[in-house]
Amino acid sequence: MLVIELRLMQIIGLGTALMMPIIGNLSDQYGRKALLTLPMTLSIIPLAILACNRTTNYFYAYFAFKTLTDMVCQGSINCLALAYLADNISYRQRASAFGILAGVTSAAYVCGTLAARFLSTGLAFQVATFVSLFAVVYMRIFLEESIPADQGEGITQPILKEGEEDNIIQNDDNAPTKVPPFKKIPSLGDVIYLMKNSPSFAQTAIVAFFNNLGEGGMESSSMYYLKARFHFNKNQFADLMLIGGIVATISQLFIMPLLVSPIGDGRLLSIGLFASCVYAILYSIAWSAWVPYAAAAVSTVMVFAPPSLRSIASRQAGPREQGKAQGCISGILSLANVMAPLIFSPLTSLFLSEGAPFHFPGFSIICIAITLMIAFIQSLMIGRAPSTSNAENSTEV
């Protein structure tokens with residue numbers, strides 16, 4: 001059963017990696033609100049199935065719909081929300097805004113975990129269905145459409161300098177005509193061109209890949225490692241998740257906004273990645289069951305990395321390219337999530353077995369720390385995005 005679940009996660013991850021750049025690109029053309037409606041609506045279907053009944057047939061239906069919808073929904077809501085924020089918030093304030101969004105997401109995760117503890121299984125799915133439906137209705141009524149204007153934001157030259165020209169063709173009368181929508185869906189060549197055209201964005205993408213490869217490795221290996229080493233049970237795992245969620249919520253909502261202005265998102269990214277390395281090292285050499293709980297204090301700083309990374313990627317994109325940029329980063333993160341269990345789970349299993357080449361149960365976690373160190377070193381090389389003369393014309397919130 002575990003093998004089947006792993007294979008499905010890989011299929012979903014590959015589907016997400018392919019879909020994120022497409023969804024991001026389409027949102028640049030047709031607006032964030034229009035594209036948000038699709039994943040938010042689709043995500044209700046699996047929850048509604050188990051809210052109705054939890055017999056075997058309903059479970060299989062849930063499993064099938066969950067697999068299909070996750071290819072579109074997993075990560076796309078966050079990707080489009082980041083692009084929406086970038087449309088409406090000055091580039092100077094985006095790191096703070098992205099941090100607050102991440103903090104709200106962490107708070108929702110904590111509330112969902114607590115609700116699952118106190119609600120029965122059937123009631124939990126009913127509540128989840130209602131909350132998801134409410135979110136869609138609220139979004140459709142109160143969220144204003146966001147189609148970026150064709151004006152500079154004082155950040156940098158657009159990643160795709162030929163973007164507007166590529167959308168226009170000449171007909172027989174030499175009059176410009178818009179390319180049909182399906183012609184605007186990005187190909188692999190477009191993504192490669194995007195990387196080549198902006199070295200800073202390419203460096204950001206490399207950091208994103210190695211950071212998420214390490215985080216995915218921790219997620220897939222830490223529970224197995226703690227159970228084998230210290231006999232952790234599901235309640236202890238839940239406690240660790242709650243502590244991590246609460247710490248992340250407080251840090252991203254209240255601490256990160258205070259540090260962005262004096263420190264900058266580039267330094268916050270490096271600080272967060274270095275803290276992630278320390279966190280992984282503490283896990284790898286844990287000598288007692290209390291060490292993982294103490295390591296949670298380090299997560300106060302390591303949660304700075306994802307919002308800072310998104311902010312740096314946003315600075316490299318023009319006003320009509322935020323969806324492309326965030327979609328590309330989301331696709332890279334999904335690809336790293338697919339690869340992480342394939343690399344680190346077998347390594348963890350090997351060094352926790354009696355047939356390990358040498359005695360070091362936390363060797364796989366040290367390898368994860370090395371992966372995060374690569375991301376940290378690369379983050380130090382990310383160039384500062386040049387500002388243009390339009391810097392003062394950015395939208396202030």
Side-chain angles (χ1 to χ4, degrees), residues 2 5-6 8-9 12-13 16 39-40 43-51 54 59 62-63 66 69-70 73-78 81 98-136 138 212 215-227 230-256 276 279 283 289-307 333 337 340-341:
L2 185 60
E5 184 176 354
L6 180 61
L8 285 173
M9 288 176 63
I12 292 171
T16 303
M40 291 185 70
S43 64
I44 300 174
I45 298 174
L47 298 173
I49 290 173
L50 287 189
R54 290 173 307 285
F59 175 77
Y62 164 83
F63 209 63
K66 181 70 173 172
T69 57
D70 275 1
C73 304
Q74 197 174 76
S76 61
I77 296 175
N78 184 58
F98 289 173
I100 292 172
L101 177 63
V104 171
T105 303
S106 299
Y109 173 81
V110 171
C111 293
T113 303
L114 289 174
R117 276 199 169 193
F118 296 107
L119 298 177
S120 64
T121 303
L123 186 58
F125 280 102
Q126 292 172 0
V127 171
T129 303
F130 172 77
V131 171
S132 299
L133 184 60
F134 175 79
V136 174
Y138 180 89
N212 223 55
E215 288 186 354
M218 283 295 294
E219 185 177 342
S220 62
S221 303
S222 60
M223 290 188 179
Y224 184 27
Y225 170 74
L226 292 176
K227 184 176 182 180
F230 305 114
H231 309 289
F232 269 43
N233 56 39
K234 63 179 182 178
N235 291 330
Q236 289 172 301
F237 288 135
D239 291 339
L240 278 176
M241 291 179 183
L242 279 175
I243 292 171
I246 292 171
V247 169
T249 300
I250 295 173
S251 181
Q252 290 168 331
L253 284 178
F254 303 107
I255 300 177
M256 184 176 174
S276 298
Y279 180 83
Y283 259 73
W290 62 266
V291 175
Y293 291 97
V298 181
S299 63
T300 305
V301 180
M302 59 187 283
V303 296
F304 294 160
L333 298 182
N337 276 334

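It should be emphasised that the depicted structure is a prediction, and the values quoted were computed from it without experimental measurement. Just so you know, residue 1 is the first one in the sequence shown, and it goes up from there.
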Mutual orientation of the aromatic rings belonging to Y225 and Y283 [parallel < 30°, tilted 30-60°, perpendicular > 60°]: tilted

Spacing of I49 atom CD1 and F125 atom CZ [to the nearest 0.5 Å]: 10.5 Å

Side-chain touch M40/S132, heavy atoms, less than 4.5 angstrom: no

Derivation of the side chain to side chain contact (heavy atoms under 4.5 Å, CB included) call for L226 and L240: CA-CA 11 Å; L226 292 176; L240 278 176; 3.7 Å; yes

Parallel, tilted or perpendicular, as decided by the 30° and 60° cut-offs, for the rings of F130 and F134: parallel

Shortest non-hydrogen separation from Q126 to A51 and the atoms involved: NE2-O, 3.6 Å

Exercise: identify the closest heavy-atom pair between H231 and Q236: O-OE1, 3.8 Å

Reported CE-to-CE distance for the pair M223 and M241, which is rounded to 0.5 angstrom: 2.5 Å

Shortest non-hydrogen separation from P46 to S43 and the atoms involved: CD-O, 3.5 Å

Y293 atom OH, over 12 foreign heavy atoms within 6.0 Å: yes

Closest non-hydrogen atom pair between S251 and F304, with its separation: OG-CE2, 3.1 Å

Spatial distance of atom NZ (K227) from atom CZ (F232) [nearest 0.5 Å]: 13.0 Å

Spacing of L242 atom CG and N235 atom CG [to the nearest 0.5 Å]: 10.5 Å

Name every donor-acceptor pair, under 3.5 Å, that has one atom in a side chain of residues 103-110 and the other anywhere in the protein, sequence neighbours excluded.
unit_1 : atom_1 : unit_2 : atom_2 : d
T105   : OG1    : L101   : O      : 2.9
S106   : OG     : A102   : O      : 3.1
S106   : OG     : Q252   : OE1    : 3.2

Donor-acceptor contact below 3.5 Å, side chain S299 vs main chain A296: yes

Closest non-hydrogen atom pair between M302 and S276, with its separation: CB-OG, 3.4 Å

Counterpart residues, side chain to side chain donor-acceptor pair (under 3.5 Å), relative to R117 (two or more places apart): D239

Any donor-acceptor N/O pair, S220 side chain to G217 backbone, under 3.5 Å: yes

Atom pair CG (L47) and OG1 (T69), whose distance is rounded to the nearest 0.5 Å: 8.5 Å

Intermediate values then yes/no, side chain to side chain contact (heavy atoms under 4.5 Å, CB included), V136 and I44: CA-CA 9 Å; V136 174; I44 300 174; 3.8 Å; yes

Separation between CD of E215 and CG of N212, rounded to the nearest 0.5 Å: 5.5 Å

